[in-house]
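Position 1 is the first residue of the sequence, and the numbers go up from there.
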Amino acid sequence: MKPLRSNTLRASRPHIPGYGIPESDEGLLPWSHVEKRMTESLNYWIGTVDKHGRPHATPVWGVWVEGALYFDGSPQTRRGRNLAANPAVVIHLEDGTRPVILQGEALEIKAAPPELRQKLAAAYSDKYRDQGYEPGPETWASGGLYTVRVSQAFAWNEFPHDATRWNIE
């Protein structure tokens with residue numbers, strides 16, 4: 001399965017009135033910054049909404065593989081049920097000083113191809129072996145695997161100077 005984002009990334013400044021966001025494009029972060037932070041992060045906060053519009057957030061483990069975030073979990077969890085009813089999702093890293101925030105849709109991959117399951121199992125094992133999690137490729141043979149189609153992302157290291165927004169089409 002190919003990453004669920006296209007090749008069109010447009011970087012600009014986020015609209016955050018009253019915080020001194022520069023008007024020029026000088027100092028915008030490169031997309032590689034997002035990919036590096038997503039790859040290196042151990043925990044991701046997944047925000048969903050239930051059928052009544054109430055927010056729900058859970059920390060999860062995940063991997064950034066070939067330009068996309070993958071995370072797993074039972075479709076029967078509150079998060080899984082929320083995503084089945086409404087795929088809108090927001091992903092945050094734990095770092096509030098140097099955040100990366102992704103917005104988009106999380107989609108369950110119900111029949112992941114064997115080669116993708118192999119890549120993901122290797123990535124999860126490499127990343128979470130010290131925490132005792134080494135899934136095999138069969139882990140997601142019948143579901144419970146999600147990926148995120150990112151539509152917008154935000155990041156900064158030195159707010160407000162390098163605050164960057166990407167629109168992804």
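- Looking at K127, its side chain does come within 3.5 Å of a backbone N or O of G62 through a donor-acceptor pair.
- Residues W140 and P135 have side chains in contact (heavy-atom distance under 4.5 Å, counting atoms from C-beta outward).
- Panel note: side chain Y44, backbone F71; no donor-acceptor pair is recorded below 3.5 Å.
- Formation of a donor-acceptor pair under 3.5 Å by the R165 side chain with backbone atoms of P14 is not found in this model.
- A donor and an acceptor atom, one from each side chain of T48 and R79, are nowhere located under 3.5 Å apart.
- Under a 3.5 Å cut-off, the side chain of Y128 and the backbone N or O of L42 do form a donor-acceptor pair.
- Here the side chains of I109 and Y146 are not in contact, with every heavy-atom distance at 4.5 Å or above.
- How far CD1 of I21 is from OG of S12: 11.0 Å, rounded to the nearest 0.5 Å.
- Applying the 6.0 Å contact sphere to CD of E158 captures no more than 12 heavy atoms from other residues, nucleotides or ligands.
- In terms of heavy-atom proximity, T39 sits nearest to W64 at OG1-CD1, 3.4 Å.
- A distance-only check finds a donor-acceptor pair linking the side chain of R37 to the backbone of R98 [under 3.5 Å].
- Heavy atoms only, all atoms of each residue included: W166 and L29 are closest at CZ2-O, 3.2 Å.
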Taking it one step at a time, do Y133 and Y124 satisfy ring-ring contact (aromatic ring centres under 6.0 Å, His included)?
CA-CA 7 Å; Y133 187 51; Y124 266 101; 5.6 Å; yes
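- For the pair D50 (side chain) and R54 (backbone), a donor-acceptor distance under 3.5 Å is present.
- Rounding to the nearest 0.5 Å gives a distance of 10.0 Å between CG of L102 and CZ of F154.
- In the displayed structure, E26 atom CD is contacted under 6.0 Å by at most 12 heavy atoms of other residues, nucleotides or ligands.
- At least one donor-acceptor pair under 3.5 Å links the side chain of R81 to the backbone N or O of Q76.
- Distance check, rounded to the nearest 0.5 Å: CD of Q103 to CZ of R149 gives 15.5 Å.
- At distances below 3.5 Å, at least one donor-acceptor pair connects side-chain atoms of T147 with backbone N or O atoms of L69.
- Between the side chain of T139 and the main chain of P137, no donor-acceptor pair closer than 3.5 Å is present.
- With values rounded to the nearest 0.5 angstrom, R78 atom CZ is found 5.0 Å from H56 atom NE2.
- Salt bridge absent: E115 and K119 never bring a charged side-chain N and a carboxylate O closer than 4.0 Å.
- R13 places a side-chain N or O within 3.5 Å of a backbone atom of S24 that can act as its donor or acceptor partner.
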